[in-house]
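Heads up, the thing below is written out as structure tokens.
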Amino acid sequence: QISKETDRMLSLVEDMLKLSQLENTTELNRTNVDLVETAQSVAESLEPLIKNKNINMQIQGAGQVYADQKHIYELIKNLVENAVKYNIENGTVNVDISENADKTTLVVSDSGIGIESKHLSRIFERFYRADNSRSRTTGGTGLGLSIVKHICNLYGAELSLTSKLSAGTTVTVVF
């Protein structure tokens with residue numbers, strides 16, 4: 001059995017490797033990636049966490065992006081995992097996908113604890129945590145949103161986040 005500290009260290013190393021790979025990517029293995037299918041796959045992988053907090057998760061819409069499947073999975077996983085971890089008991093997580101002629105939009109919103117406005121400008125920095133007191137209880141490496149930012153940069157996607165303390169967070173990615 002692996003201790004919690006060892007597990008955290010392994011997660012940190014894995015996330016650092018992901019960031020390094022993203023920064024050094026020169027060739028992309030692009031295919032048409034269905035965002036709904038990918039979000040459903042992420043939800044299945046996070047089902048124990050979702051059930052543990054009794055989160056009502058909805059995935060709706062339709063859309064595809066021409067990208068590396070692993071990158072899109074990682075992007076959605078980081079966003080949904082944060083939406084669940086920093087949510088309230090019996091909260092909601094919505095994944096909304098839309099597509100038009102020139103762009104595909106992914107929106108992940110939650111009814112969670114939110115983020116104070118003073119932290120919003122730094123939220124995508126490596127290891128930045130809006131609330132260090134929660135880092136022990138929620139786990140994570142502090143690299144998830146930085147990974148999301150790097151994936152967005154790789155594909156030229158626009159990334160934005162809005163949040164209000166005690167009222168939830170919404171992250172929008174426009175490909």
Side-chain angles (χ1 to χ4, degrees), residues 7-8 11 14-15 18 33-65 67 69-100 103-117 119-125 127-152 155 157-175:
D7 195 38
R8 284 190 184 137
S11 293
E14 287 173 4
D15 281 356
K18 286 174 192 171
V33 180
D34 185 303
L35 294 181
V36 173
E37 285 178 15
T38 305
Q40 288 168 340
S41 179
V42 165
E44 287 172 23
S45 76
L46 296 174
E47 190 172 346
L49 187 61
I50 292 166
K51 282 187 173 180
N52 187 45
K53 289 185 98 169
N54 197 32
I55 300 293
N56 177 14
M57 183 163 172
Q58 300 290 320
I59 300 168
Q60 50 211 11
Q64 291 187 348
V65 292
Q69 171 71 38
K70 288 184 272 184
H71 291 157
I72 302 306
Y73 182 90
E74 188 69 31
L75 180 140
I76 294 173
K77 181 177 180 279
N78 278 302
L79 294 178
V80 170
E81 190 170 30
N82 278 354
V84 173
K85 279 183 180 180
Y86 298 102
N87 213 321
I88 57 174
E89 292 285 327
N90 306 308
T92 60
V93 172
N94 294 310
V95 178
D96 296 300
I97 298 158
S98 60
E99 185 176 64
N100 65 26
K103 65 184 174 183
T104 302
T105 303
L106 167 73
V107 179
V108 178
S109 57
D110 66 62
S111 60
I113 62 171
I115 304 164
E116 283 185 83
S117 59
H119 297 291
L120 294 178
S121 66
R122 299 190 60 203
I123 205 71
F124 294 106
E125 292 177 16
F127 303 113
Y128 189 80
R129 291 185 181 269
D131 185 350
N132 282 319
S133 67
R134 294 182 194 269
S135 63
R136 275 263 189 245
T137 56
T138 58
T141 62
L143 293 171
L145 289 178
S146 183
I147 290 170
V148 167
K149 177 182 152 189
H150 276 77
I151 293 170
C152 288
Y155 294 97
E158 293 175 38
L159 174 64
S160 62
L161 183 145
T162 58
S163 188
K164 189 171 182 186
L165 205 55
S166 302
T169 301
T170 299
V171 180
T172 304
V173 179
V174 181
F175 293 93

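- The distance from atom CD1 of Ile55 to atom CD1 of Ile50, rounded to the nearest 0.5 Å, is 8.0 Å.
- A heavy-atom distance below 4.5 Å is not found between the side chains of Ile151 and Asn78.
- Here the closest non-hydrogen pair linking Tyr73 and Thr38 is CA-CG2, 3.6 Å.
- Atom CG of Asn56 sits about 7.5 Å away from atom CG of Asn94, to the nearest 0.5 Å.
- When side chains are defined from C-beta on, Thr92 does not count as touching Gln58, because their heavy atoms never get closer than 4.5 Å.
- Between the side chain of Glu99 and the backbone N or O of Gln64 there is at least one donor-acceptor pair closer than 3.5 Å.
- Between the CD1 atom in Ile97 and the CD1 atom in Ile59 there is a gap of 7.0 Å [rounded to 0.5 Å].
- Surrounding CD of Gln60 are more than 12 heavy atoms belonging to other residues, nucleotides or ligands, all under 6.0 Å away.
- Looking only at distances, no side-chain donor or acceptor of Ser41 sits under 3.5 Å from a matching main-chain atom of Glu37.
- Scanning both residues, Ile76 and Ala39, for their nearest heavy atoms gives CG2-CA, 4.0 Å.
- Inter-residue side-chain proximity for Leu75 and Tyr155 is flagged as unmet; no heavy-atom pair is nearer than 4.5 Å.
- Minimum interatomic distance between Gly91 and Ser111 (heavy atoms only, all atoms of both residues): CA-OG, 3.3 Å.
- Side chains of Val80 and Met57 form a contact here, defined as non-hydrogen atoms less than 4.5 Å apart.
- The heavy-atom pair separating Val173 from Cys152 by the smallest distance is CG1-SG, 3.7 Å.
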Discussion item. Does Thr169 form a side chain to side chain donor-acceptor pair (under 3.5 Å) with Ser163? I'd like the steps, not just the answer.
Written reply: CA-CA 4 Å; Thr169 301; Ser163 188; 2.7 Å; yes
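- In this structure a side-chain-to-backbone donor-acceptor pair under 3.5 Å is present from Asn87 to Ala83.
- Annotation: side chain of Val108 is not in contact with side chain of Asp110 (no heavy-atom distance under 4.5 Å).
- Here the side chain of Lys53 pairs a donor or acceptor atom with the backbone of Val84 at under 3.5 angstrom.
- Inter-residue side-chain proximity for Leu145 and Leu79 is flagged as met; some heavy-atom pair is nearer than 4.5 Å.
- Between Thr170 and Ser109, the closest heavy-atom pair is OG1-CB, 3.4 Å.
- Residues Lys149 and Leu159 approach most closely at CA-CD2, 3.7 Å, considering heavy atoms.
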